[in-house]
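Here is the structure we will look at, set down as structure tokens.
Below, chain A is the first sequence line, B the second, and so on; all start at residue 1.
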Amino acid sequence: MDIIKGIKGVKDLLPEETPRWRFIEETARRWALLYGFREIRVPIFEVTSLFARSIGASTDIVEKEMYTFQDRDGTSLTLRPEGTAGTVRAYIEHNRAADPLPQKYFYSGPMFRHERPQAGRLRQFNQFGVESFGMADPRADVEVIALLWRILSDLQLPGLTLEINNLGSATDREAYRPHLVTYLQRITDALCGNCRRRVDSNPLRVLDCKVPDCRSATEAAPRLAEMLSNEAQLYFRAVVTGLEAVGIPYYMNHRLVRGLDYYCLTTFEVTSTSLGAQNAVGAGGRYDGLVQTLGGPPTPAVGFALGLERMALMLPESVLTSAQRPVSIYIAGFGTHGSPAGFSALEELRRAGILAISDFRATSLKSHLRQADRLGATFTLIIGDDEVVTGSGILRDMHTKVQRDIPLTSLIPQISSLIGAC
RNA sequence: GUGGGUGUAGCUCAGUUGGUUAGAGCGCCGGAUUGUGGAUCCGGAGGUCGCGGGUUCGAAACCCGUCAUCCACCCCA
């Protein structure tokens with residue numbers, strides 16, 4: 001019979017690696033709470049049209065990367081490819097706009113995109129993200145970027161760069177678009193095949209193309225920055241000075257165009273040189289129109305998403321070693337009477353809130369101690385037939401090898417006081 | 001969707017120009033006189049050599065196909 005294997009691009013996190021994940025998730029969560037964000041948990045699947053409407057029908061994600069399937073009644077459902085759409089849907093559906101603004105949420109969980117797996121890219125991957133609703137204020141942008149930067153810095157992730165850009169308002173881009181398109185059409189021969197198609201479908205993305213020829217060809221292209229409205233320019237300037245005021249280092253990148261349609265004004269991306277080809281660790285931006293697009297009241301919003309797999313790849317081992325192993329007791333119960341007595345003691349200790357472990361395969365004291373050593377137990381409680389007769393077990397400190405007798409009838413108080421001293 | 005690399009024990013890998021029962025290290029289990037771990041020594045378990053064809057007297061090795069995985073393109077967190 002063939003062994004059933006996991007799905008391509010989907011990974012198991014084994015017990016050896018979960019601590020580093022918990023560490024990452026907990027620091028992100030801690031900082032988000034510190035910045036006044038509250039956790040929201042939304043479903044991992046939604047009606048397909050939610051993503052088509054929010055992310056943009058002509059984006060790669062919607063066109064070819066979504067896990068879409070039919071529900072029994074025929075409605076089209078999709079495993080979420082990102083977290084913002086569902087969060088906004090929940091915000092609208094529960095009429096959160098009627099509650100006092102601003103409202104700041106964070107989420108963490110799996111996302112799904114059908115892409116070819118690669119270093120730092122999986123089909124099921126995890127994102128930690130935040131969404132800040134209700135403030136059309138540059139300080140809201142700065143706050144979100146600062147939070148992003150604080151999380152990454154706290155984790156000591158190496159080689160980070162924050163890049164920002166101003167996408168202006170939708171009308172700014174509408175005005176800019178024809179200028180860019182005429183320019184691109186003139187130089188179309190110099191563009192890669194992909195970009196030639198983009199000239200019509202999504203001309204802004206041509207600027208973000210990695211092909212060197214495309215980059216040099218678009219070097220002289222008209223810049224969006226030069227055609228932005230006064231408001232957009234002022235707004236962005238305020239974001240930039242805000243970043244400087246709170247000491248967040250950034251680089252301007254006028255080519256930075258995010259892959260999701262809903263962004264406007266501020267966009268940003270943090271990349272790392274220590275990652276590989278998929279070097280974006282976190283990214284986000286402002287999306288003032290999205291809530292309205294999805295049927296809610298006009299609501300300004302900013303947010304970001306972090307790729308947890310990529311953070312896990314980068315997290316230095318040294319950051320993690322600070323976590324200490326908890327005090328634990330191994331129960332070595334052996335012999336016809338010691339064995340059951342040991343099992344009772346095991347349960348008794350656990351009910352008292354003490355980390356107690358054993359290996360039921362071990363039949364000799366020797367094999368028990370070997371297990372205790374391997375499992376890194378702080379103490380071993382030895383209960384053989386002799387101990388059952390005398391009514392007192394032997395507690396061995398695995399480090400100092402010091403042993404002492406402990407009456408089996410008063411295990412909990414004796415052991416608790418010892419553990420308290422550790 | 002496209003390209004390239006790699007598939008031998010739980011893990012990391014050897015395996016000479018095709019040649020007999022496929023190896024090592026680590027890990028795992030056990031033992032080294034009677035109830036005391038880590039070190040050392042000894043022993044043991046564990047492999048359809050990814051899978052399917054083909055060439056050959058003979059294939060882990062050569063050829064074809066296929067699958068898996070990794071990396072890159074694309075795109076993104």
Side-chain angles (χ1 to χ4, degrees), chain A residues 1-3 5-11 14 16 24 28 55 59-65 80-84 108-129 148 152 192-195 197-198 202 205 208-211 256-260 268-272 275-285 303-314 330 332-335 338 359 361-377 379-387 393-403:
Chain A
M1 194 166 62
D2 284 348
I3 294 170
K5 297 173 73 178
I7 297 162
K8 181 201 284 282
V10 171
K11 275 219 169 114
L14 301 175
E16 292 77 34
I24 291 168
I55 299 167
T59 55
D60 276 24
I61 293 177
V62 172
E63 272 185 349
K64 47 191 190 189
E65 293 174 3
R80 63 182 185 190
E82 54 98 54
T84 300
S108 183
M111 307 294 165
F112 306 84
R113 292 183 199 169
H114 189 106
E115 303 181 90
R116 272 295 264 280
Q118 180 183 338
R121 191 172 70 187
L122 295 172
R123 290 186 174 176
Q124 175 176 337
F125 60 102
N126 289 275
Q127 286 190 336
F128 178 93
L148 169 64
L152 297 175
C192 69
N194 235 313
C195 282
R197 259 175 285 121
R198 286 185 184 130
N202 195 348
R205 286 215 60 83
D208 207 19
C209 185
K210 279 183 201 160
V211 178
L256 183 66
V257 179
R258 315 270 38 264
L260 289 70
F268 51 91
E269 179 171 278
V270 176
T271 56
S272 170
L275 264 180
Q278 308 305 317
N279 62 355
V281 189
F304 70 71
L306 279 164
L308 297 183
E309 276 76 9
R310 294 180 186 178
M311 293 165 74
L313 281 174
M314 293 193 289
Y330 182 96
F334 60 104
D359 180 349
R361 298 172 310 167
T363 51
S364 64
L365 177 56
K366 183 191 190 68
S367 55
H368 266 131
L369 281 168
R370 193 181 6 200
Q371 277 305 94
D373 181 49
R374 181 162 24 201
L375 295 171
F379 297 100
T380 297
L381 180 63
I382 298 167
I383 306 177
D385 290 349
D386 296 355
E387 284 69 28
I394 302 168
L395 189 72
R396 177 179 176 87
D397 182 316
M398 293 302 281
H399 186 63
T400 64
K401 299 184 180 179
V402 172
Q403 300 191 161

Show, in sequence, the C-alpha distance, side-chain angles and deciding distance for A:Thr380 and A:His368, and conclude whether the side chain to side chain contact (heavy atoms under 4.5 Å, CB included) test is met.
CA-CA 9 Å; A:Thr380 297; A:His368 266 131; 5.9 Å; no
With side chain to side chain contact (heavy atoms under 4.5 Å, CB included) as the test, would you mind laying out the steps for A:Glu309 and A:Lys11 before giving the verdict?
CA-CA 10 Å; A:Glu309 276 76 9; A:Lys11 275 219 169 114; over 6 Å; no
Go through the steps to decide whether A:Arg310 and A:Phe125 satisfy the test side chain to side chain contact (heavy atoms under 4.5 Å, CB included), and finish with yes or no.
CA-CA 9 Å; A:Arg310 294 180 186 178; A:Phe125 60 102; over 6 Å; no
Intermediate values then yes/no, side chain to side chain contact (heavy atoms under 4.5 Å, CB included), A:Ser367 and A:Asp359
CA-CA 9 Å; A:Ser367 55; A:Asp359 180 349; over 6 Å; no
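Nucleic acid contact class of A:Asn126 (heavy atoms, under 4.0 Å, all strands): none. Here A:Glu65 lies in heavy-atom contact (under 4.0 Å) with sugar-phosphate atoms only. Among the protein residues, A:Phe128 comes within range of no part of the nucleic acid, since none of its heavy atoms lies under 4.0 Å from any strand. Within the 4.0 angstrom heavy-atom criterion, no nucleotide atom of any strand lies near A:Gly335. Across all strands, A:Leu122 comes closer than 4.0 Å to base atoms (heavy-atom distances). Note on A:Leu308: nothing from the nucleic acid sits closer than 4.0 angstrom, heavy atoms only. Contacts of A:Met111 with the nucleic acid, taken as non-hydrogen atoms under 4.0 Å apart, are absent.
Residue A:Asn279 places its side chain closer to B:C76 than to any other of B:C76, B:G35, B:G38. Listed candidates were B:C76, B:G37, B:C29. Nearest to the side chain of A:Ala280 is B:C76. Set against B:G35, B:A72, B:G37, the side chain of A:Ala277 has B:A72 as its closest nucleotide. Listed nucleotides: B:U69, B:A72, B:G35. Nearest to the side chain of A:Lys8: B:U69. Out of B:A77, B:C74, B:A72, the shortest distance to the side chain of A:Ala119 is found at B:A72. When distances run from any side-chain atom of A:Ala283 to the nucleotides B:A77, B:G30, B:U36, the shortest one goes to B:A77.
Taking 3.5 Å as the limit, the base of B:C71 and the side chain of A:Arg116 contain no donor-acceptor pair of atoms between them. At a cut-off of 3.5 angstrom, counting only N and O atoms as typed in the model, there is a donor on one side and an acceptor on the other between the side-chain of A:Gln118 and the base of B:C74. With hydrogens and angles ignored, a donor-acceptor pair closer than 3.5 Å exists between the side chain of A:Glu387 and the base of B:G35. Interface remark: the A:Lys401 side chain does form a donor-acceptor pair with the B:G38 base, using a distance-only criterion of under 3.5 Å.
Using atom P as the reference point in both B:A32 and B:G38, the two lie 13 Å apart (nearest Å). Using C1' as the reference atom, B:G43 and B:U12 are 24 Å apart when rounded to the nearest Å. When the C1' atom is compared between B:G18 and B:G54, the two are found 15 Å apart, to the nearest whole Å. For the C1' atom pair drawn from B:G23 and B:A60, the interatomic distance equals 12 Å after rounding to whole Å. Separating the C1' atom of B:G46 from that of B:U55 is a span of 33 Å, rounded to the nearest Å. Comparing B:U8 with B:G52, their P atoms are spaced 16 Å from each other, to the whole Å. B:U48 and B:G30 are spaced 28 Å apart, taking the C1' atom of each and rounding to whole Å. Comparing the P positions of B:G25 and B:C62 gives a spacing of 27 Å, expressed to the nearest Å.
Between the CZ atom of A:Phe268 and the C1' atom of B:C76 there is a distance of 15 Å, given to the nearest Å. Between A:Leu375 atom CG and B:C28 atom P there is a gap of 10 Å when expressed in whole angstrom units. At whole-Å resolution of the value, CZ in A:Arg113 and P in B:G1 are 18 Å apart. Taking atom CD of residue A:Gln371 and atom C1' of nucleotide B:C29, one finds them 10 Å apart after rounding to whole Å. Taking atom NZ of residue A:Lys5 and atom P of nucleotide B:C67, one finds them 13 Å apart after rounding to whole Å. Taking atom CD on A:Glu115 and atom C1' on B:U2, their separation rounds to 15 Å, with Å as the unit. Taking atom CG of A:Leu148 as the reference point, atom P of B:A77 lies 12 Å away to the nearest angstrom. Note: CG (A:Leu256) to C1' (B:A77) measures 13 Å, nearest angstrom.
A distance of 12.0 Å separates CZ of A:Phe128 from CD1 of A:Ile24, quoted to the nearest 0.5 Å. To the nearest 0.5 Å, the span separating CD1 on A:Ile383 from CG on A:Leu395 amounts to 10.0 Å. Put simply, CD1 on A:Ile7 and CD on A:Gln124 are 8.5 Å apart, with the number rounded to the nearest 0.5 Å. One distance of note links CD of A:Glu115 with CD of A:Glu65; it measures 4.0 Å at 0.5 Å rounding. Distance CG/A:Asp385 to CZ/A:Phe334: 7.5 Å, rounded to 0.5 Å. Between the CG atom of A:Asn279 and the CE atom of A:Met314 there is a distance of 9.5 Å, given to the nearest 0.5 Å.
Between A:Gly284 and A:Gln278, it is A:Gln278 whose nearest contact on RNA chain B lies nearer the 5' terminus. The 5' end of RNA chain B is approached more closely, in terms of each residue's nearest nucleotide, by A:Ala362 than by the other of A:Ala362 and A:Asp373.
Look at A:Gln127 and you won't find any side-chain N or O under 4.0 angstrom from OP1 or OP2 of B:C76. Look at A:Arg374 and you'll find a side-chain N or O under 4.0 angstrom from OP1 or OP2 of B:C29. For the pair A:Lys366 and B:U36, the criterion of a side-chain N or O lying under 4.0 Å from OP1 or OP2 is not met. OP1 and OP2 of B:C28 both lie 4.0 Å or more from every side-chain N or O belonging to A:Arg370.
Contact check for A:Phe304 versus A:Val270: no side-chain heavy atoms found under the 4.5 Å cut-off.
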Taking Watson-Crick and G-U wobble pairs with both distances under 3.5 Å, convert RNA chain B into its dot-bracket string, 5' to 3', dots for unpaired and | for cross-strand pairs.
(((((((..((((.....[...)))).(((((.......))))).....(((((..]....))))))))))))....
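Between the side-chain ring of A:Phe334 and the base of B:G35, no stacking contact exists by the 5.5 Å and 30° definition.
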